[in-house]
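Some notes on the structure that comes next.
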Amino acid sequence: MRLSSYFLPVMKETPADAQIVSHKLMLRAGLVRQTAAGIYAWLPLGLRVLRKIEQVVREEQDKAGAIELLMPTIQSADLWRQSGRYDAYGPEMLRFPDRHAREMLFGPTNEEMITTIFRDAAKSYRDLPRTLYHIQWKFRDEVRPRFGVMRGREFLMKDAYSFDLDEEGLRRSYEAMFVAYLRTFARLGLQAVPVRAPTGPIGGDLSHEFHILADTGESALFYDSAIEDISREELLAADASTIARLTGLYAMEEEEHGKVKDCPVPAERLRSRRGIEVGHIFAFGTKYSAAMGLIVQTKEGGQVHPQMGSYGIGVSRLVGGIIEASHDENGIVWPDGVAPFEVGLINMRADDPACAAAADRLYADLRGAGVETLYDDRDERGGAKFATMDLIGLPWQLIVGPKGIERGVVELKRRATGEREELSLESALARLTG
RNA sequence: CGGGGAGUGGCGCAGCCUGGUAGCGCAUCUGCUUUGGGAGCAGAGGGUCGCAGGUUCGAAUCCUGUCUCCCCGACCA
């Protein structure tokens with residue numbers, strides 16, 4: 001993409017409404033614009049990040065055996081009356097009538113809907129186990145939206161729902177999602193801490209929250225520092241033993257930690273950090289299958305309500321969360337795999353024919369090699385281009401200047417470390433396409 | 001929902017107390033000079049001051065109402 005014809009409205013100054021660093025940077029870097037309290041438009045660069053995260057989440061869900069579908073955002077009140085949650089949910093649910101005065105709502109979650117869909121199709125133990133998921137916009141009319149996309153009212157969520165014949169099956173489905181979550185967050189370059197969660201109103205007895213560590217997080221966590229010793233490689237290859245190891249280590253949210261009389265973690269290993277909740281998994285048994293009349297026939301000819309679980313990841317929240325966890329004074333530092341473009345190609349002198357020709361050729365070669373490249377071909381001074389590139393945080397900057405071109409070299413800069421290296425055009429290309 | 005703060009060109013702000021034809025920085029446009037870390041000079045465009053009502057000869061400014069946004073607390077991906 002040529003920056004001269006892209007839509008990237010960056011700001012030098014921070015809008016007064018933004019308080020936390022991720023919100024400030026998302027506005028400044030032209031990722032989002034606010035349109036109402038807790039509601040955001042995703043600009044081109046922000047959308048690319050959102051899609052990248054979504055894709056990592058999707059790949060790991062698929063790998064875990066979950067099957068993607070897509071349910072609507074608008075649901076009917078009658079559906080929610082079947083589970084009794086229409087009255088129970090409260091003002092966080094946005095309700096409105098359609099033209100025929102039917103009571104509708106903008107879905108805050110999809111347990112009821114997926115349960116009826118599955119109920120009407122699955123009749124036999126042969127139809128189990130299944131885990132279905134979708135990545136879809138939710139609306140929760142938060143009392144107090146804040147911190148940009150971290151606590152928006154409209155947000156993109158991956159929600160998965162598992163159906164199993166018995167509790168043993170549910171445990172397996174739950175673990176499969178647990179593994180998928182560990183891998184997902186590791187792939188996103190995040191250190192995630194699974195915290196055993198009080199199950200709250202959704203019910204059930206098995207539930208974990210996944211928090212990513214960031215100083216501006218809304219939750220206070222206490223955990224065994226041994227959790228930090230688990231390497232990214234191990235998390236990327238997570239399996240049931242990883243879960244056993246992780247869940248064997250102490251990790252609590254402040255409130256729960258406060259109730260603990262004798263903390264088993266020695267003081268020197270007890271970490272107190274802040275976290276952002278980006279995932280939450282529940283096993284809640286037959287709560288919805290019973291309420292919604294989901295029944296399957298067993299091999300022996302009996303009838304059972306399937307055991308269910310639900311598994312959420314806040315996809316749009318992750319955009320803010322990743323920035324909270326990865327930025328510096330100059331702007332965002334995107335982890336590889338999440339960045340909106342892999343390479344920012346800077347032509348230092350748009351008016352220098354040799355320089356422009358070299359940059360044009362590099363751009364064509366990078367594109368030809370399938371490297372996502374944002375090419376700053378604008379007629380701006382170098383300083384402005386550096387500042388913009390640092391702000392938007394692409395992992396690699398490839399700098400083409402007239403002095404270097406005379407000597408046949410370009411400069412490759414790693415955003416995360418600031419390391420720079422002079423390379424011939426060929427070896428720079430080889431590095432970025434390799 | 002309780003408490004606090006704020007609405008003035010795209011962004012950041014001043015002006016309001018003490019009414020008198022709306023100003024600064026950044027950004028934008030034009031020209032010239034510049035060109036490896038957000039350039040300089042000269043010129044230009046852009047705002048019925050959130051909205052409605054009132055007071056007044058006259059309202060961004062005073063009064064009333066209303067809407068919106070932000071922050072702190074209780075809840076959540």
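Note that the structure is predicted; figures quoted are calculated from it, not measured. Reminder, nothing fancy here: chain letters follow the sequence lines and each chain counts from 1.
Using cut-offs of 30° and 60° on the angle between ring planes, the pair Y181(A) and F185(A) is perpendicular.
For I399(A), the listed nucleotide lying nearest its side chain is G36(B); candidates were A74(B), G36(B), C75(B). When distances run from any side-chain atom of R317(A) to the nucleotides U35(B), C71(B), A77(B), the shortest one goes to A77(B). Each of C1(B), C69(B), C75(B) was ranked by its minimum atom distance to the side chain of R151(A); first place goes to C75(B). For E142(A), the listed nucleotide lying nearest its side chain is A77(B); candidates were U35(B), G12(B), A77(B).
Here A77(B) presents its C1' atom at 16 Å from CZ of R153(A), a figure rounded to the nearest Å. Atom CD in E13(A) sits roughly 9 Å away from atom P in A27(B) (whole-Å rounding). A straight line from CG of L8(A) to C1' of G10(B) spans 15 Å, rounded to a whole angstrom. Separating the CZ atom of R85(A) from the C1' atom of C76(B) is a distance of 13 Å, rounded to the nearest angstrom. The separation between I20(A) atom CD1 and C70(B) atom P is 12 Å, rounded to whole Å. Following rounding to the nearest Å, R144(A) (CZ) and U68(B) (C1') show an atom-to-atom distance of 16 Å.
Taking atom C1' on both C63(B) and C16(B), the two are 14 Å apart, rounded to the nearest angstrom. Taking the C1' atoms as reference points, G9(B) lies 14 Å from A60(B), given to the whole Å. When the C1' atom is compared between G7(B) and A52(B), the two are found 16 Å apart, to the nearest whole Å. Remark: the separation of the P atoms in U61(B) and G25(B) is 25 Å, to the nearest Å. Straight-line distance between the P atoms of U28(B) and C51(B): roughly 28 Å, to the nearest whole Å. Across A14(B) and C1(B), the matching P atoms stand 30 Å from one another, rounded to whole Å.
Proximity of R381(A) to the phosphate of A39(B): a side-chain N or O atom is located under 4.0 Å from OP1 or OP2. Within the structure, a side-chain polar atom (N or O) of K12(A) is placed less than 4.0 Å from OP1 or OP2 of A27(B). Here Q19(A) does not reach the OP1 or OP2 of C72(B): none of its side-chain N or O atoms lies under 4.0 Å away.
Using modelled atom types and a 3.5 Å distance limit, the side chains of Q136(A) and T73(A) yield no donor-acceptor pair. For D365(A) and Y363(A), the side-chain atoms include no donor-acceptor pair closer than 3.5 Å.
By the 5.5 Å and 30° criteria, F155(A) is stacked with the base of A77(B).
The aromatic ring centroids of H208(A) and F210(A) lie 6.0 Å or more from each other.
Residue G321(A) is out of contact with every strand shown, counting any heavy-atom pair closer than 4.0 Å. Using a 4.0 Å heavy-atom cutoff across all strands shown, F147(A) reaches sugar-phosphate atoms only and no base atom.
By the 6.0 Å and 45° rule, R415(A) does not stack over the aromatic ring of W396(A). A cation-pi arrangement is absent between R317(A) and F155(A), since the terminal nitrogen or guanidinium carbon is not both under 6.0 Å from the aromatic centre and inside a 45° cone about the axis.
For G12(B), its base never sits under 3.5 Å from the side chain of T14(A) at any donor and acceptor pair.
Using N1 to N3 plus N6-O4 or O6-N4 for Watson-Crick, or N1-O2 and O6-N3 for G-U wobble, each under 3.5 Å, C16(B) pairs with nothing.
Where R146(A) and V10(A) meet RNA chain B, the nucleotide closest to each residue was compared, and V10(A) sits on the side nearer the 5' end. Along RNA chain B, the nucleotide nearest to D390(A) and the one nearest to M11(A) differ in position, and the one closer to the 5' end is contacted by M11(A).
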